[in-house]
Student: 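Sharing a structure with you now.
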2 protein chains.
Amino acid sequence: MNSKLGLLEPLESVSMTDRVENILREYFTENAFKPGDALPNELEIAQKLNVSRNVVREALSRLRMLGMVEARPRRGMIMSQPDLLAGIEKVLNPFILSQSNQKDIFELRLILEMGIAEFLFARKTQKDLDELEQIVEKQKTLPVLSKEDEIEFHGKLYDMTGNETFQRFQSLLFPVFEHVFASMTNQKDNYVLVDPVSHADLFNILKDGTPEAFRKAMHKHLEVYYNTIKK
Amino acid sequence: MNSKLGLLEPLESVSMTDRVENILREYFTENAFKPGDALPNELEIAQKLNVSRNVVREALSRLRMLGMVEARPRRGMIMSQPDLLAGIEKVLNPFILSQSNQKDIFELRLILEMGIAEFLFARKTQKDLDELEQIVEKQKTLPVLSKEDEIEFHGKLYDMTGNETFQRFQSLLFPVFEHVFASMTNQKDNYVLVDPVSHADLFNILKDGTPEAFRKAMHKHLEVYYNTIKK
DNA sequence: ATCTTTACATTTGTCCTACAAATATAATAG
DNA sequence: CTATTATATTTGTAGGACAAATGTAAAGAT
């Protein structure tokens with residue numbers, strides 16, 4: 001006996017708060033609550049569910065953090081539009097994320113960077129191109145690009161996708177990406193090597209080229225990162 | 001006076017719980033808490049911060065939801081590895097997300113689908129290809145592909161990226177994606193039209209082709225979706 | 001001295017009461 | 001009918017209480 005008992009996970013103890021949180025979210029969706037709709041007050045919920053007001057408040061506290069409900073002191077609670085990235089924002093911290101998750105995020109950035117080509121070409125404007133060109137011209141005068149320069153150029157690309165969530169998402173991913181790459185290359189003295197494809201090259205393709213050519217160039221540009229990925 | 005007062009947002013009232021939540025997260029990172037590390041108990045935190053235990057528990061309840069801390073009843077709390085997607089999972093619900101966020105997620109899926117080519121080719125195995133071929137062969141016999149068939153094929157592709165987070169992320173995005181597309185095309189009678197590039201075509205390229213060719217084909221495959229994106 | 005049993009202290013989960021403060025509503029006065 | 005006043009409502013916060021199970025210390029047995 002006791003041979004493989006170590007492999008048995010303890011079944012996660014579901015607290016009252018966990019259950020109330022789930023019940024409330026189901027209640028909201030099943031009853032088609034819309035932003036602005038008034039919610040039953042805390043005491044009412046507690047009595048209906050036969051739990052203390054404390055438990056209800058702990059569950060509601062979570063939903064408030066997600067932006068799902070809004071509490072207006074002394075006026076009751078209303079349904080609200082959740083903040084899509086509020087939850088992930090708080091855990092996107094290289095110092096508390098698992099190595100595995102950090103690796104996943106590192107790769108996710110590479111995936112995103114390659115995937116945006118279509119949207120860049122579909123939505124680029126002359127104003128965008130002018131602004132991007134200004135960034136590129138400024139960087140041409142520099143002997144070497146800093147991390148901030150990288151962020152400035154690629155950040156502008158995310159802007160140009162016209163997708164607000166994606167743009168914010170990327171800025172959250174970036175610190176983790178940098179952290180992963182830094183910890184992989186802490187021996188190397190040269191942080192930014194000579195780019196086989198420069199920002200200027202990418203800009204020119206975005207101006208006059210095709211999505212396909214852009215992706216091909218972006219892949220070259222990110223080669224140093226792609227070379228780190230393992231089977 | 002009062003001319004553009006309507007544009008002024010009320011400054012969000014930061015509750016004690018909000019502040020304690022932030023303080024605790026800062027405290028964890030600044031003191032380099034690692035998974036498994038013991039945390040001060042609730043009463044201690046409350047006294048140090050000069051707030052009631054209720055407030056501390058509401059803040060901790062949020063961090064527990066994110067998987068950042070784990071409470072072991074009667075044995076104290078320990079730091080834990082946060083669940084990267086726990087927060088976003090609860091709000092990825094088409095019925096409560098804003099139209100704008102839904103659009104962003106729709107586009108994000110298109111971005112991701114185009115970006116995975118590199119990883120598919122880097123990590124594909126014979127076993128993966130065999131399994132994918134089986135899916136393709138089965139679908140060849142069908143007169144028309146259902147939503148489930150789409151999920152099965154593309155889901156297998158996400159599997160093959162070897163990125164666990166990405167794979168889970170995608171499965172969360174999918175319902176929203178479907179919802180957005182369904183609401184855009186609710187007049188049309190034909191849900192799945194004749195694909196200009198079939199799953200079989202994609203499979204063959206993945207087997208013997210190049211990432212570039214794959215992306216080109218994938219773009220054709222997703223053409224019906226790409227056609228909906230607006231400048 | 002070592003092992004076993006017992007008692008105690010600890011800590012989270014849950015419940016309860018209480019009250020301040022500001023808003024919305026009802027009641028009253030002008 | 002309007003203006004003022006009083007009342008009720010509801011969240012935010014504080015604080016007390018206790019069950020239950022765990023770890024630890026103390027006491028007892030061999």
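In what follows, chains are A, B, ... by sequence order, proteins preceding strands, each numbered from 1.
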Student: Could you say whether A:R53 or B:L39 is positioned toward the 5' end of DNA chain C, judged by the nucleotide with the nearest heavy atom to each?
Tutor: B:L39
Student: Could you give the CG-to-C1' distance, from A:L49 to C:dT14, as a whole number of Å?
Tutor: 14 Å
Student: Can you list, by residue number, the residues of residues 19-28 of chain B that have a non-hydrogen atom closer than 4.0 angstrom to DNA chain C?
Tutor: none
Student: Tell me, yes or no, whether the heavy-atom count around B:N50 atom CG, taken from other residues, nucleotides or ligands under 6.0 Å, exceeds 12.
Tutor: no
Student: Without hydrogens or angle criteria, can the side chains of B:N22 and B:R19 be said to hold a donor-acceptor pair below 3.5 Å?
Tutor: no
Student: State whether B:R57 places a side-chain N or O below 4.0 Å from either non-bridging phosphate oxygen (OP1 or OP2) of C:dT12.
Tutor: no
Student: Categorize A:N41 for me: base, sugar-phosphate, or nothing, with a 4.0 angstrom heavy-atom threshold over every strand shown.
Tutor: sugar-phosphate
Student: Send over the distance from B:E42 CD to D:dG16 P, rounded to a whole Å.
Tutor: 16 Å
Student: Does anything in residues 53-62 of chain B pair up under salt bridge (charged side-chain N to carboxylate O under 4.0 Å, His left out), and if so which pairs, sequence neighbours excluded?
Tutor: A:R57-B:E58, A:E58-B:R57, A:R64-B:E58, B:D18-B:R62, B:E21-B:R62, B:E42-B:R53, B:E42-B:R57
Student: Just how far, in rounded Å, is C1' of C:dA9 from CG of B:L43?
Tutor: 14 Å
Student: Base of C:dG13, side chain of A:N54 - is there a donor-acceptor contact under 3.5 Å?
Tutor: no
Student: If you compare all heavy atoms of A:A38 against all heavy atoms of A:F33, which two are closest, and at what distance to 0.1 Å?
Tutor: O-CE2, 3.5 Å
Student: Give each stem of DNA chain C as a range with a range, requiring at least 3 consecutive Watson-Crick or G-U wobble pairs whose two distances are under 3.5 Å.
Tutor: C:1-30 with D:1-30
Student: Any side-chain N or O of B:S52 under 4.0 Å from OP1/OP2 of D:dT13?
Tutor: no
Student: Do any of residues 58-78 of chain A sit with a heavy atom less than 4.0 Å from DNA chain C, and if so which?
Tutor: A:R74, A:R75
Student: Using 30° and 60° as the class limits, which term best fits the ring planes of B:F106 and B:F177: parallel, tilted or perpendicular?
Tutor: parallel
Student: Counting only heavy atoms not in A:E164, do more than 12 fall under 6.0 Å of its CD?
Tutor: no
Student: State which residues pass side-chain contact (heavy atoms from CB on, under 4.5 Å) with A:N93; sequence neighbours excluded, sorted by chain then number.
Tutor: A:F95, A:I96, B:T29
Student: Quick check: closest heavy atoms across B:T17 and B:A59, and the distance to 0.1 Å?
Tutor: CG2-N, 3.7 Å
Student: Could you tell me how the ring of B:H154 sits relative to the ring of B:H199: parallel (under 30°), tilted (30 to 60°) or perpendicular (over 60°)?
Tutor: perpendicular
Student: Check side-chain contact (heavy atoms from CB on, under 4.5 Å) between A:R123 and all other residues, then give those that pass, not counting sequence neighbours.
Tutor: A:F119, B:E107, B:I229
Student: Are A:D130 and A:Q134 linked by a side-chain donor-acceptor pair shorter than 3.5 Å?
Tutor: no
